[in-house]
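Read the numbers this way: they start at 1 and go in the same order the structure lists the ligands and their atoms.
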Amino acid sequence: MEKDNFKSKLGIVAATAGSAVGLGNLWGFSYKAGTNGGGTFVILYLLAILFIGIPVMLTEFVIGREGRDGPVGSIEKITGSKKSPFVIAGYTGTISTFLILSFYSVIAGWSLHYLATTIVTGFSKFAAADADTAKFFADSATDLPINILFQGIFMALTVAVVMFGIQNGIERVSKIMMPILFVIIILLVMYSLTLSGFSEAVKFLFVPSELPEGKSLFSVAAAALGQAFFSLSLGMGAVITYARAVNDDININTITMQVAVCDTLIALLAGLAIFPIIFSTPGLEPAQSAGLAFIALPVAFGQMPGGYIIGNAFFLLLVIAALTSSISMLENTLTVILEKTKINRKVGTIALGIVTFLFGILSQLGLGFTSKILSFTKGDGFLDQLDKLTMIYLIPVGALILVLLVGYRMKPEVIRKQINNDKIANIFIPYIKYVAPILIGIVMVAGFLGI
Ligand code: PHE
């Protein structure tokens, strides 16, 4: 594959943090915190980031920079064999990013559609509603062809960036988008600070809570770990794919920390922006499931002073965050195609973009717009099935295999060369061998069994 490395350290952090920060932070984190009771979920999520997420991310950096290829090629190079069972993780990763992007672009399309509509009309049509009647407004304002159109526009934007490769496409766009994203979210939190519901939101997010009915500590922990993996873009090779383009003189330990801190911070800030709005608006409650951002918040935006600016800023934030994540997913699946065929990057990107778009239509089909969101929350839509397949099975299995690869197949001197810091290597190597697989294994099995 062509050599197209990142130009600067800032570019690597922006692109990798861009991959990490996405709908998973802004939409997924808040609705999962909401439905898993708040504080307890958030604490387990932070533990999962610290004890599993960060080591796994460093693992992917080590694999990608050593292998200097996409997930499949890197693993083949490290194991010295195309037939090694470890290579499975390269393929499950590639399939995961394909499947996730297919429905991610649907949700990103909703965000883009909201933005395009509410910039013109404002949120007043939602104002008189409560969370239940809001779906009426959303239904009448939208329909399937329009949503497919916006999904297509979003995919086209993604393709337009990835087509130009790492340096001229992904790095350049991430360096512009990420600062904008930060500014918007800080402004939103500053606004939420002025609301009466702010302290209630802080309590909801950070004070350990009783588990919601029907959920065990295990199931909440499995949800928290799944969320941590998804949010940090782990277990799919997405980080391997960016790491292959990281120059040798870059310290991957600090990059890992910076990305993890950024991602966690944005998730928490998103919670601090969203929940005060929910708590300050009569009739809305946090356990709104997936409809939190698309049904509950617009009601609040319609009622509050300054709602036009805040609401549109929020949907712009969703679109930007989704875009830097979707380019990472497309790039991940694409590298495997480019490394296995002779197709050129531009043609490959466009073709893969079209196939992903067509497959994504399956997630749109069948139901109306909001009933789609509602069925997603009940767990019977196609979109939801894909989400479960990747979150519960493909991602944790992928992460486990990658950890075992570095722990048991890679030579310690190679790991040390990549980490280039004795103290960190002395902790990392035994940790990745003996501790990380057990932690991932336990939570993974809990997820499989649904306990
Ligand atoms: N981390 C992204 C999010 O939180 C999703 C993602 C997964 C991005 C896999 C790239 C690869 O939304």
Side-chain angles (χ1 to χ4, degrees), residues 13-33 45 48-49 53-54 56-57 60-61 64 70-71 89-90 92-111 154-155 158 161-162 170 173-174 177-178 181 185 223-243 256 259-271 290 293 317-336 352 356 383 386-387 389-392 394-399 402:
V13 176
T16 318
S19 167
V21 175
L23 296 172
N25 304 57
L26 304 171
W27 175 68
F29 173 78
S30 45
Y31 97 68
K32 281 177 192 156
Y45 172 73
I49 297 269
I54 290 174
V56 173
M57 181 173 281
E60 291 205 23
F61 267 111
T92 54
T94 311
I95 295 168
S96 300
T97 44
F98 171 77
L99 294 177
I100 294 173
L101 182 56
S102 78
F103 69 80
Y104 203 84
S105 54
V106 170
I107 303 168
W110 296 344
S111 315
F154 182 81
M155 274 311 295
T158 308
V161 178
V162 173
I170 297 172
V173 168
S174 305
M177 301 282 216
M178 292 312 283
L181 185 146
I185 197 146
L225 180 66
Q227 177 62 22
F229 276 150
F230 184 82
S231 185
L232 291 171
S233 308
L234 299 176
M236 291 162 271
V239 176
I240 298 179
T241 291
Y242 280 177
T256 299
V259 171
V261 167
C262 241
D263 186 64
T264 311
L265 200 67
I266 299 265
L268 296 178
L269 287 174
L317 178 72
L318 284 188
V319 172
I320 292 178
L323 187 59
T324 51
S325 292
S326 64
I327 57 182
S328 151
M329 288 183 236
L330 192 65
E331 173 74 9
N332 190 48
T333 310
L334 181 70
T335 23
V336 179
L352 181 60
T356 314
L383 198 158
L386 288 182
D387 182 58
L389 171 70
T390 46
M391 280 278 211
I392 300 180
L394 294 177
I395 296 178
V397 170
L402 295 178

CD1-OG1 distance between Ile95 and Thr390, expressed to the nearest 0.5 angstrom: 12.0 Å

Short side-chain to backbone donor-acceptor contact, Thr335 and Glu331, under 3.5 Å: yes

Exam field: side chain Ser325 to backbone Val21, donor-acceptor pair closer than 3.5 Å: yes

Met391 to Pro396 - nearest heavy-atom pair and separation: O-CD, 3.2 Å

Nearest heavy atoms of Ile266 and Ile185, plus distance in Å: O-CD1, 3.9 Å

Thr333 side chain near Thr356 side chain, heavy-atom distance below 4.5 Å: no

Contact residues of ligand 1, where a non-hydrogen atom lies under 4.0 Å away: Ser19, Ala20, Gly22, Leu23, Gly24, Asn25, Tyr104, Phe230, Ser231, Ser233, Met236, Ala238, Ser325, Ser328, Met329

